[in-house]
**Student:** 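Quick one: structure below, then a few questions.
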Amino acid sequence: MEKKKVVVPLVCHGHSRPVVDLFYSPVTPDGYFLISASKDSHPMLRNGETGDWIGTFEGHKGAVWSCCLDTNALRAASGSADFSAKIWDALTGDELHSFEHKHIVRACSFSEDMKMLVTGGMEKLLRIYDLNRPDASPREIDKSPGSVRTVTWLHSDQTILSSCTDLGGVRLWDVRSGKIVQTLETKAPVTSAEVSRDGRYITTADGSSVKFWDANHFGLVKSYEMPCIIESASLDPKNGNRFIAGGEDMWVHLFDFYTGQEIACNKGHHGPVHCVRFSPVGESYASGSEDGTIRIWQAGPVSDDADSAPNPNPNPNPNGKVAKSGGSTVVSEISQKIEGFSIQKEKDES
């Protein structure tokens, strides 16, 4: 009997508690990068292709619920249960700014032009910080109907998208007026919202449903019922013909965007999957779980080996200090070291 082929993920260890958010940078001259948020209070930066650990951002005193990178992957941001959002230098690991809040920060997002940061959380308001004047008071938009769960920018930073922890629907805010201009209705609270790289679609997960919305006209394009409660979903940014979803069943599902048919079911996590994201080139996707691991799955060719392949370069520094990444894996690497925090370059194989 022919042996069934399964995908073998790269397993990225390092976090000591559940991984609750993942974010890929766009492709930069140095490659692309993956940042993760965890309840262990230490966001981590990795090579997005190989999963190699680059460094850990130290400074939060509570669970980190949200993380992101700016367009050039030169700065990182994180939102935490310690009532703060922080901006980090992604080259050195240094804390650049700490924005104090009055309650837990659940979401943060850089604007496309990298000049602003929006945050949201248990205070039921959005704060917009001018990163050119970080010491100035933020602009506050205080009419969110519930605690903010997700935030992201769209329409060239003219609109902010948000969802609530305890209410269904996605709200679209006009940045200029500070008012809600559209609500995308869902039955359950939206736990994941993603704007596609080309700006065409908004992908949401609510309850056991994954929905795709027209990001310009706001109509519902497709809606698929999943086999379990889904916490996160992501659309393939390269071709837009596949999407991934992860949730309570501990599996990472790959589906056809046009038909909703399941293409692959990736097993390996030992707890619910809290976050999934496609890489910016669409060749792989990452998942973060209650089990504290990140797994990077190849979206293309499959392997005959059913066992998980551990990342050859997990966090080598158990105390979480920012340190130089060591070793090399799939490709030869040149480490550009700046004050102990390294960004890795890949040699041109030609």
Side-chain angles (χ1 to χ4, degrees), residues 6-7 9 19-27 32 34 36 48-49 68 109 149-150 152 154 161 163 168 170 184-269 272-289 294-302:
V6 296
V7 173
V19 178
V20 293
D21 194 24
L22 293 171
F23 185 94
Y24 275 105
S25 76
V27 177
Y32 59 90
L34 175 66
S36 56
E49 183 176 3
C68 58
S109 179
R149 174 69 180 264
T150 65
T152 191
L154 67 162
L161 176 157
S163 68
V170 172
L184 311 180
E185 299 292 346
T186 65
K187 293 181 180 179
V190 171
T191 52
S192 170
E194 174 191 74
V195 179
S196 62
R197 294 278 177 184
D198 60 9
R200 292 178 60 195
Y201 296 112
I202 299 168
T203 303
T204 62
D206 70 286
S208 60
S209 175
V210 174
K211 295 181 173 66
F212 301 92
W213 311 80
D214 187 310
N216 297 303
H217 303 289
F218 310 121
L220 181 63
V221 178
K222 290 186 180 294
S223 179
Y224 295 117
E225 286 301 310
M226 300 288 105
C228 68
I229 300 297
I230 294 296
E231 285 199 48
S232 185
S234 181
L235 182 65
D236 180 351
K238 188 174 183 180
N239 300 311
N241 58 357
R242 300 174 296 181
F243 70 93
I244 49 173
E248 290 186 353
D249 66 359
M250 302 185 286
W251 300 343
V252 182
H253 303 267
L254 178 67
F255 296 93
D256 183 286
F257 170 78
Y258 298 104
T259 66
Q261 182 177 357
E262 185 173 270
I263 300 170
C265 178
N266 302 308
K267 305 177 182 181
H269 282 298
V273 176
H274 295 310
C275 44
V276 293
R277 284 293 178 263
F278 256 105
S279 72
V281 293
E283 295 175 356
S284 61
Y285 46 93
S287 57
S289 167
I294 300 164
R295 292 169 190 257
I296 298 177
W297 313 81
Q298 292 302 311
V302 294

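When reading the values below, keep in mind they use all heavy atoms of this one structure, side chains included, and skip hydrogens, waters and symmetry mates.
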**Student:** Thr191 versus Ile229: any side-chain heavy-atom pair under 4.5 Å?
**Tutor:**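 Sidechains of Ile229 and Thr191: no contact.
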**Student:** Checking Glu225 against Ser208: is there a side-chain donor and acceptor pair closer than 3.5 Å?
**Tutor:** yes
**Student:** Under a 3.5 Å distance rule, please check whether Thr203 uses its side chain to pair with a backbone N or O of Ala233 as donor and acceptor.
**Tutor:** no
**Student:** What pairs with Asp214 under side-chain hydrogen bond (donor to acceptor under 3.5 Å, both in side chains), at least two apart in sequence or on another chain?
**Tutor:** none
**Student:** Where is the tightest heavy-atom contact between Leu220 and Lys211, given as atom of each residue plus distance?
**Tutor:** CD1-CB, 3.8 Å
**Student:** When you compare the side chain of Trp297 with that of Leu254, does any pair of heavy atoms fall below 4.5 Å?
**Tutor:**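 Of all side-chain heavy-atom pairs linking Trp297 with Leu254, none is under 4.5 Å.
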**Student:** For a side chain to side chain contact (heavy atoms under 4.5 Å, CB included) check, start with the C-alpha distance between Leu161 and Ile202, then their side-chain angles and the critical distance, and finish with the verdict.
**Tutor:** CA-CA 9 Å; Leu161 176 157; Ile202 299 168; 3.6 Å; yes
**Student:** Quick one: are Pro272 and His274 in side-chain contact, heavy atoms under 4.5 Å?
**Tutor:**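 Counting from C-beta outward, Pro272 and His274 do come under 4.5 Å.
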**Student:** Of all heavy-atom pairs between Leu22 and Gly288, which one has the smallest distance, and what is that distance?
**Tutor:**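 Reported closest heavy-atom pair: CD1-N, 3.5 Å.
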**Student:** For a 4.5 angstrom cut-off between non-hydrogen side-chain atoms, does Phe278 reach Leu235?
**Tutor:** no
**Student:** Rounded to the nearest 0.5 Å, how far apart are CD of Glu185 and CZ of Phe218?
**Tutor:**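 The CZ atom of Phe218 is 13.5 Å from CD of Glu185, to the nearest 0.5 Å.
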**Student:** Does any N or O in the side chain of Ser284 come within less than 3.5 Å of the main-chain N or O of Ala299, such that one atom is a donor and the other an acceptor?
**Tutor:**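 Checked: no pair found.
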**Student:** Compare all side-chain heavy atoms of Ser287 with those of His269 and state whether any distance is below 4.5 angstrom.
**Tutor:**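 Counting from C-beta outward, Ser287 and His269 do come under 4.5 Å.
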**Student:** Measure the SG-CH2 distance between Cys265 and Trp251 for me, rounded to the nearest 0.5 Å.
**Tutor:**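 So the SG of Cys265 and the CH2 of Trp251 are separated by 5.0 Å.
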**Student:** Start with the C-alpha gap between Tyr285 and Val276, add the side-chain angles, then the distance that decides, and say whether side chain to side chain contact (heavy atoms under 4.5 Å, CB included) holds.
**Tutor:** CA-CA 7 Å; Tyr285 46 93; Val276 293; over 6 Å; no
**Student:** If you take all heavy atoms of Tyr258 and Lys222, which pair is closest and at what distance?
**Tutor:**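 Smallest heavy-atom distance, with atoms named: O-NZ, 3.4 Å.
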**Student:** Determine the minimum heavy-atom distance between Phe255 and Ala245, stating which atoms define it.
**Tutor:**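 Smallest interatomic distance, heavy atoms only, reads CE1-CB, 4.2 Å.
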**Student:** Please give me the minimum heavy-atom distance between Ile263 and Arg242, naming the atom from each residue.
**Tutor:** CD1-CG, 4.0 Å
**Student:** So which heavy atom on Val19 is nearest to which on Cys275, and how close?
**Tutor:**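 Val19 and Cys275 have their closest heavy atoms at O-SG, 3.8 Å.
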**Student:** Ser196 and Asp198: side-chain donor and acceptor closer than 3.5 Å?
**Tutor:**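 A pair is found: one side chain offers a donor N or O, the other an acceptor, under 3.5 Å apart.
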**Student:** To the closest 0.5 Å, what do you measure between CG (Asp236) and CD (Glu283)?
**Tutor:**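 So the CG of Asp236 and the CD of Glu283 are separated by 10.0 Å.
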**Student:** Quick check: do Ser289 and Arg295 have side-chain heavy atoms less than 4.5 Å from each other?
**Tutor:** no
**Student:** Do any N or O atoms from the side chain of Arg149 and from the backbone of Pro189 form a donor-acceptor pair under 3.5 angstrom?
**Tutor:**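 Checked: no pair found.
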**Student:** Can you tell me how far apart CD1 (Ile230) and CD (Glu248) are? Round to the nearest 0.5 Å.
**Tutor:**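 Those atoms lie 8.5 Å apart.
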**Student:** Any non-hydrogen side-chain atom of Ile244 less than 4.5 Å from a side-chain atom of Asn266?
**Tutor:**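 With C-beta onward as the side chain, the pair stays apart.
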**Student:** By ring-ring contact (aromatic ring centres under 6.0 Å, His included), which residues pair with Tyr224, not counting sequence neighbours?
**Tutor:**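 Only Phe243 meet the ring-ring contact (aromatic ring centres under 6.0 Å, His included) criterion with Tyr224.
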**Student:** If only atom types and distance count, is the side chain of Ser234 paired as donor or acceptor with the main-chain N or O of Arg277 below 3.5 Å?
**Tutor:**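 Side chain of Ser234 to backbone of Arg277: no pair is present.
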**Student:** So does Glu194 get a backbone contact from the side chain of Thr152, meaning a donor-acceptor N/O pair under 3.5 Å?
**Tutor:** no
